[in-house]
Trainee: 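Structure in structure tokens, see below.
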Number of protein chains: 2
Amino acid sequence: MPEPASPKSARGEQTRAAIVTAALELFRERGYEKTTMRAIADSAGVSLGNAYYYVASKEHLIQAFYDRMQVEHEAQAAIVLADETTFLRRLAGVQEAFFDVAAPYHEFAGKFFKNAAEPASPLSPFSPESEPAREASIAIFRQVVVGSDLKAPAAILIELPELLWLMHMGYVLFWVHDTSDGQRRTRLLVQRGGALVDRLVRLTRLPGVRGVAEDVMGLVRTLKA
Amino acid sequence: MPEPASPKSARGEQTRAAIVTAALELFRERGYEKTTMRAIADSAGVSLGNAYYYVASKEHLIQAFYDRMQVEHEAQAAIVLADETTFLRRLAGVQEAFFDVAAPYHEFAGKFFKNAAEPASPLSPFSPESEPAREASIAIFRQVVVGSDLKAPAAILIELPELLWLMHMGYVLFWVHDTSDGQRRTRLLVQRGGALVDRLVRLTRLPGVRGVAEDVMGLVRTLKA
DNA sequence: GTCTATAGTGGGATAGAC
DNA sequence: GTCTATCCCACTATAGAC
């Protein structure tokens, strides 16, 4: 049992980075399944054994891809959030930014997506291992809400970022299945879905609707616990 | 390229059945991943190569499992639908019936679930290959609606069965991730989610809400096309 | 702690003879 | 339609260099 996982020295860090970079490049070029660990090791200039010294399995290399996407999304989202003030435009802008960032990897994403879908997998967006990335993503949606002109009951505003993140996961699910060119159907969904959410949230000020909205929030809270 | 997939002779059908039966038994005993194609072939009394003459891949064997579940769900749902008349009770009953049927396979389901999540996979619930099973499932939800006391705009009633099926898929997603004992959190979700849907659909008769509901339906129709 | 080289194992999938 | 033999590749094991 080697189990270093996180390198101890600067040199180790460099080697690890070389392996990850080589992997991501090959994944994008030939796809996940057609990229062998031997090819990754070769391309990184290390032995197969050494590659396994740094990455626990081929699947674990996917986490590196997530991390990169998250960082890029944050950067793009920050631009939108600095410019827009209305809830709708902030929401749509942030969501579109994600699919802008993800677009080059659409085919690749479809191939390895199944690894993220397994509940027990550390790659699942709901896993404990994914918590940092998940929290970072939810934080973006929190900014969408708090920096906006949105008016709604406090109980709803508090739960909303997490709900938007969940919706985002749903969009991603749609996206990986979306074979329309440029994934324009996903764009359509994001645009119209955003307008819908905007209307729905504002509707919660109507007495008849508010009760239902509070039930939704109660249910979400219950299931989170 | 052999590509028989569906056997030509009675003998072939028998061989295929033996393979599928052996596979399902082993899957339930030891789980999907720990069951090798060699073990399946052995257990069915055929050679490995012959097994591959009948099933395109190990993943394809999962379809057989789906089919069995679908048949059992239909049977249980029929009992509920014969007894209940209110929309809420019909919906909740049918959904609970599914998780009753699925319960013994919860662990197994988590293990192979990822195979269903890959968009390109024939095992995806959205794939063309899954259309028969999907339509059969939607048909159950259509019965939930049409045989009930539910009153709502026609445009909504038409789209509702498919939406309920989608919600059902969401529940299944939650279920495979649900580690609470007996998956009681999923039961809770189904119960409270059902009550929520009931209220929401009836709310569509309010003028302010109706517009939003029609937008939702429009969006769904657009994305289906 | 980092890395190489080499030799395996196990299991999904295929080729080609019969 | 059925077999045997083989391929391929993720992954492991080990022994040792720096």
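Below, chain A is the first sequence line, B the second, and so on; all start at residue 1.
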Trainee: Rounded to whole angstrom units, what separation is found between the CG atom of A:Leu48 and the C1' atom of D:dT12?
Mentor: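 From A:Leu48 CG to D:dT12 C1': 10 Å.
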Trainee: Would you list the atom pairs, donor with acceptor, under 3.5 Å between side chains in residues 18-30 of chain B and any protein atom, with sequence neighbours excluded?
Mentor:
from: B:Thr21; atom 1: OG1; to: B:Ala17; atom 2: O; distance (Å): 2.8

Trainee: Test of understanding: with side chain to side chain contact (heavy atoms under 4.5 Å, CB included), list the residues that count as partners of A:Ala136, not counting sequence neighbours.
Mentor: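 A:Gln70, A:Glu74.
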Trainee: Applying salt bridge (charged side-chain N to carboxylate O under 4.0 Å, His left out) as the test, list every pair that has at least one member in residues 50-72 of chain A; sequence neighbours left out.
Mentor: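 For residues 50-72 of chain A, and leaving out neighbouring residues, the salt bridge (charged side-chain N to carboxylate O under 4.0 Å, His left out) pairs sorted by first residue read A:Glu59-B:Lys114.
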Trainee: Could you say whether A:Asn50 or A:Arg38 is positioned toward the 5' end of DNA chain C, judged by the nucleotide with the nearest heavy atom to each?
Mentor: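 By nearest-heavy-atom nucleotide position, the 5'-most residue is A:Asn50.
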Trainee: So with a 6.0 Å cut-off around CD of A:Glu135, is the heavy-atom count from everything else above 12?
Mentor: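 Yes, because the 6.0 Å sphere around CD of A:Glu135 holds more than 12 heavy atoms from other groups.
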Trainee: Dump the pairs, protein N or O against N or O of nucleotides 14-18 of chain D, anything under 3.5 Å, distances to one decimal.
Mentor:
none

Trainee: Nearest to the side chain of A:Lys58 - D:dA10, C:dT2, D:dC3?
Mentor: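 Closest nucleotide to the A:Lys58 side chain: D:dA10.
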Trainee: Kindly state each residue pair satisfying side-chain hydrogen bond (donor to acceptor under 3.5 Å, both in side chains) with at least one member in residues 216-225 of chain B, sequence neighbours excluded.
Mentor: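 Output for this query lists A:Arg192-B:Thr222, B:Glu159-B:Arg221, B:Glu159-B:Lys224, B:Glu162-B:Lys224.
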Trainee: Sorted by first residue and then second, give each salt bridge (charged side-chain N to carboxylate O under 4.0 Å, His left out) pair with at least one member in residues 165-175 of chain B; sequence neighbours left out.
Mentor: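 As it turns out, there is no salt bridge (charged side-chain N to carboxylate O under 4.0 Å, His left out) pair with a partner in residues 165-175 of chain B once direct neighbours are skipped.
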Trainee: In whole angstrom, what separates A:Gln14's CD from C:dC3's C1'?
Mentor: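 Going from A:Gln14 (CD) to C:dC3 (C1'), I get 14 Å.
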Trainee: Show every side-chain hydrogen bond (donor to acceptor under 3.5 Å, both in side chains) that has at least one partner inside residues 91-107 of chain B, sequence neighbours left out.
Mentor: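 Of all non-adjacent pairs touching residues 91-107 of chain B, those that pass side-chain hydrogen bond (donor to acceptor under 3.5 Å, both in side chains) are B:Asp100-B:Arg187, B:His106-B:Gln183.
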Trainee: Could you list by number each residue of residues 28-36 of chain B showing a heavy-atom separation from DNA chain C of less than 4.0 Å, or answer none if no residue does?
Mentor: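 Within residues 28-36 of chain B, the residues near DNA chain C are B:Thr35, B:Thr36.
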Trainee: With sequence neighbours excluded, tell me which residues meet ring pair (Phe, Tyr, Trp, His ring centres under 6.0 Å) with A:Phe98.
Mentor: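 Scan of A:Phe98 (ring pair (Phe, Tyr, Trp, His ring centres under 6.0 Å), adjacent residues dropped) gives A:His73, A:His168.
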